[in-house]
Amino acid sequence: SNVASALRSVTSKDLQDATGLRGINLYGAMSVVGAVVLLPVSLAVEGAKLPAAFAAAPAGMAAKGITLFGATVPFLAYLFVGSMLFHLYNQTSYQALGE
């Protein structure tokens with residue numbers, strides 16, 4: 001994970017010079033390209049396991065006492081909030097990179 005993050009940062013710096021994209025535009029482009037490349041691969045490798053994992057997740061969260069800001073919420077709400085926080089973190093870092 002740390003190696004991939006470092007490589008992404010180095011690649012981003014190189015792509016800024018090569019494409020002329022800066023900050024948030026570069027983040028958007030890299031996100032779209034990454035999704036297009038990795039989504040088919042991840043669905044091919046893990047796709048058959050997704051329905052069972054989504055069905056088992058709420059019970060697993062309840063058994064471990066996992067809450068979202070102190071409240072018990074459905075698994076998809078937990079997944080959405082986690083995804084949004086990750087996205088906002090990366091968006092902020094790319095905005096800082098562009099300045």
If you define the side chain from C-beta out and look only at heavy atoms, does anything of L50 sit under 4.5 Å from L43?
yes
Looking at every heavy atom in both V36 and P40, which two are closest together, and how far apart are they?
O-CD, 3.2 Å
Within-4.5 Å side-chain heavy-atom neighbours: M30 and V33:
no
Are L85 and F75 in one and the same hydrophobic cluster, where Ile, Leu, Val, Met, Phe, Trp and Tyr link if side-chain heavy atoms are under 4.5 Å apart?
yes
Heavy-atom pair with the smallest gap, counting every atom of H87 and Y27:
ND1-OH, 3.0 Å
State, yes or no, whether a side-chain contact exists between T67 and Y78 at a heavy-atom distance under 4.5 Å.
no
